[in-house]
2 protein chains.
Amino acid sequence: MAKVTIQQVAKAAGVSPSTVSNVLNGRSDRMVPATRERIDKAIAELGYRPNRAARQLRNGRTQTIGLVVPSVGNPFWGAFAREIEVAAVAAGSSVLLCNSERNPDRERRYVEELWEDGVRGIILCTSLASLDYISHVIDEGLQLVTFDRPAQPGDPESVVSVSIDNHVGGYLAASHLLELGHTQIAFVSGSIQSVNRAARYRGFCSAIEEAGLSVGDMPMWTGFEALPFGDVEAAEVGRKAAHDLFTGDGVRPTAVVAINDMTALGFCRGLRDLGLTVGEDVSIIGFDDIVLADLYDPPLTSIRQPIKRMATLAMEEAVSQDGGAGSEVGRSVLLRPQLVVRESTRAPKPAKKRDAVNTTESAR
Amino acid sequence: MAKVTIQQVAKAAGVSPSTVSNVLNGRSDRMVPATRERIDKAIAELGYRPNRAARQLRNGRTQTIGLVVPSVGNPFWGAFAREIEVAAVAAGSSVLLCNSERNPDRERRYVEELWEDGVRGIILCTSLASLDYISHVIDEGLQLVTFDRPAQPGDPESVVSVSIDNHVGGYLAASHLLELGHTQIAFVSGSIQSVNRAARYRGFCSAIEEAGLSVGDMPMWTGFEALPFGDVEAAEVGRKAAHDLFTGDGVRPTAVVAINDMTALGFCRGLRDLGLTVGEDVSIIGFDDIVLADLYDPPLTSIRQPIKRMATLAMEEAVSQDGGAGSEVGRSVLLRPQLVVRESTRAPKPAKKRDAVNTTESAR
DNA sequence: TTGAAAGCGATACCAT
DNA sequence: ATGGTATCGCTTTCAA
């Protein structure tokens, strides 16, 4: 099974390489059917597959797309990466995997390298508000799709974004807790520098204030503000937050909105260290609805992102040639997140009755 | 920043492209230092980066390596993929991501396509005992590294494998439970068709029999034997196993060894559905020691795989040119797994005292 | 020690 | 409607 070239196919079909190339690239409209058939037959018989490197050298670009995520080690990004790859296969392309660890410098280097290596489109999961640091590459023609970062004013025209409406997500989360009767609700995040996180926080605030409460009264925890941190540490962030909030002097929240499920799970772990019971003593809601949310004990209430849908959309845009111009969805797709209620969120318990309640629980 | 070619570098340095190419490929030994310096300077000043496509077209191969995992959506594979990518960056290569979903046919297609697209080495995480289905590609020169699948008799010479010693792992898991005093230990797996899973099971059996017990007496659950299934469903497998084992007629185990952490977590979830308490009523130990194991409630005892180490080794072999011949480790690297004891495993409780024990628990 | 030139495989322009 | 051919950027004999 030595490699077959277009020349051999041409010879076998009794035509020139140019003609074979034409059918390969879908330019067989005004072609004598017989010729086309001979070529198709030759291709099939010889098991011909065009050489990617040669194509790329000639055309300048590949079918490969780049995927830059904070870290596939984080279950959410892992799940997303998987869906992206599935979508890629369907679209006939391959996926080059890159972990930025949320380091802007690495992000930039990845994007530049991918571009120089001939990648057509890149799906970038970034926390950065401005795309200036890679605008030169975008200007040169890179098809950039940002995920989990809605289009921002000032973004280059050609950039497309796919994301959930994080404001709605934050709002849903807070509202759910409010409806359960909580009035001391903490917002926990490692940092809210990123566009999406800030949006979640704003949505959270909207709900709080709409309920007639003051955000200023809520215990908030956004440690490590200054530190850049990867996504695997998300759980650590949550754990630390739990310790800080429940051993410090401030008001103790009866419920918390965590910036994502890993942080929420870490928070649960922290609560446990302190002898507190999730759901029982403190309600928790996360974001993403990773597989583990449903597996956890108690199962975690979360704001679900429609990952598969988002991956499909992102892929479509990444392989599109027209800078999203022909897309039905427009430059910025904002999908609606969904509240998934499980057992980590309940009505706040009447004070001073923990033991009694606990007994009831055990007997369940 | 238009693209710079080797020609321009040559002109700038006042030499021929051949000479530049020579320094690029480390053949500057017997070169007049001055020439070398001029070239280095030109490269730096022009910001020259060799064109991958051209190189590949000429050489036939890329720096890219292929990574074929069951599914990066599974936290274990996600974590592994991340470490692989980190190692790849260090080695100057890129990673093409492929999800096989444990489908042999997809595996084969991926490997063939990667090879045809010029990939040099592939890190393949397969459950298949025989490599026959891709031996033609290996014969053509593919540098194959199998992960989580030790070398098998009959494997082509050039194949290298990196894996933990699963037999030891299974043995450690069972021994731990035995030492705690358990005598009814179930082995739970979706299928033990794969090489590594079978090894874990055999290790498990060794420990059981060494303890003077009979494996035949142990409740075993290996449902879905016939069904091919991906790795995301692992949790479902565990959950179903819990239901089957604790609602069926057979003996109820007091402890279980799950084939991996996801299955273990699913099992925990299933136990919870039935009103049973992990650690308390049933001890559970998993494999892999994913991040979530420590986060879970109760934290899951597990057999840890030294992922980072393994990724580094796998990468080294994947980019090596000599079919592992020059490697210090040899064809098959078998690392030692490590038992990480947490709270999901305890001594079996004396029968008929669940309520009392529970109360104690709540007060902790 | 360095250079000239052929060629890897596919494409697209320009002919016919 | 099809074919000839230069070209993409790099590497590697072979000569000098």
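None of the values given here were measured: they were computed from a predicted structure. In what follows, chains carry the letters A, B, and so on, assigned in the order in which the sequence lines appear, proteins first and then strands, with residues in each chain numbered from 1.
- Among the heavy atoms of the strands lying under 4.0 Å from A:T5 are primed sugar atoms or P, OP1, OP2 only; no base atom is included.
- B:R52 comes within contact range of no nucleotide atom at all, as no heavy-atom separation falls under 4.0 Å.
- The separation between B:N25 atom CG and C:dT2 atom C1' is 16 Å, rounded to whole Å.
- Figure legend: A:R82 and A:W77 shown without cation-pi pairing, the cationic atom not lying both under 6.0 angstrom from the six-membered ring centre and within 45 degrees of its axis.
- Residue contacts shown for B:Q56 are absent, as no nucleic acid heavy atom lies under 4.0 Å away.
- Residue contacts shown for B:G118 are absent, as no nucleic acid heavy atom lies under 4.0 Å away.
- Side chain of A:N103 to backbone of A:D105: a donor-acceptor contact under 3.5 angstrom is found.
- Atom CZ of B:R55 is separated from atom CG of A:L57 by 13.5 Å, given to the nearest 0.5 angstrom.
- At the heavy-atom level, A:S18 lies under 4.0 Å from base atoms of the strands shown.
- Protein atom CD of A:Q7 is 11 Å distant from nucleotide atom P of D:dG4, rounded to whole Å.
- Taking 4.0 angstrom as the limit, B:S16 places a side-chain polar atom (N or O) nearer than this to OP1 or OP2 of C:dG3.
- Put simply, CG on B:L24 is 15 Å from P on C:dG3, counting in whole angstrom units.
- Of the candidates C:dA10, D:dC8, D:dC10, the closest approach to any side-chain atom of A:L57 belongs to D:dC8.
- Without hydrogens or angle criteria, B:S100 side chain to B:R106 main chain gives no donor-acceptor distance under 3.5 Å.
- In this entry the distance linking CG of A:N51 with C1' of D:dC10 reads 14 Å, nearest Å.
- Comparing B:R58 and B:V15 against DNA chain C, the residue whose closest nucleotide sits nearer the 5' end is B:V15.
- Rounded to whole Å, atom C1' of D:dG4 lies 15 Å from atom NZ of A:K11.
- Comparing B:T19 and A:Y48, the nucleotide of DNA chain C nearest to each residue sits closer to the 5' end for B:T19.
- Computed from coordinates, the B:Q8 CD to D:dC8 P distance equals 11 Å when rounded to whole Å.
- The nearest whole Å value for the distance from the CD1 atom in A:I6 to the P atom in D:dT5 is 17 Å.
- Relative to the side chain of A:N59, the nucleotides D:dG9, C:dA12, D:dT11 differ in distance, and C:dA12 lies closest.
- No side-chain heavy atom of B:E317 sits less than 4.5 Å from a side-chain heavy atom of B:S161.
- In the set D:dT11, D:dT12, C:dA12, the nucleotide with an atom closest to the side chain of A:R27 is C:dA12.
- Nucleic acid contact for B:R36: none, since no nucleic acid atom lies under 4.0 Å from a heavy atom of the residue.
- Rounding to the nearest 0.5 Å places OG of A:S320 at 10.5 Å from CE of A:M315.
- Within 4.0 Å (heavy atoms only), A:N22 reaches no atom of the nucleic acid at all.
- Picking from D:dT12, D:dT2, C:dT11 the nucleotide with the shortest atom distance to the side chain of A:S21 gives C:dT11.
- Listed nucleotides: C:dT2, D:dT11, C:dT11. Nearest to the side chain of A:R55: C:dT11.
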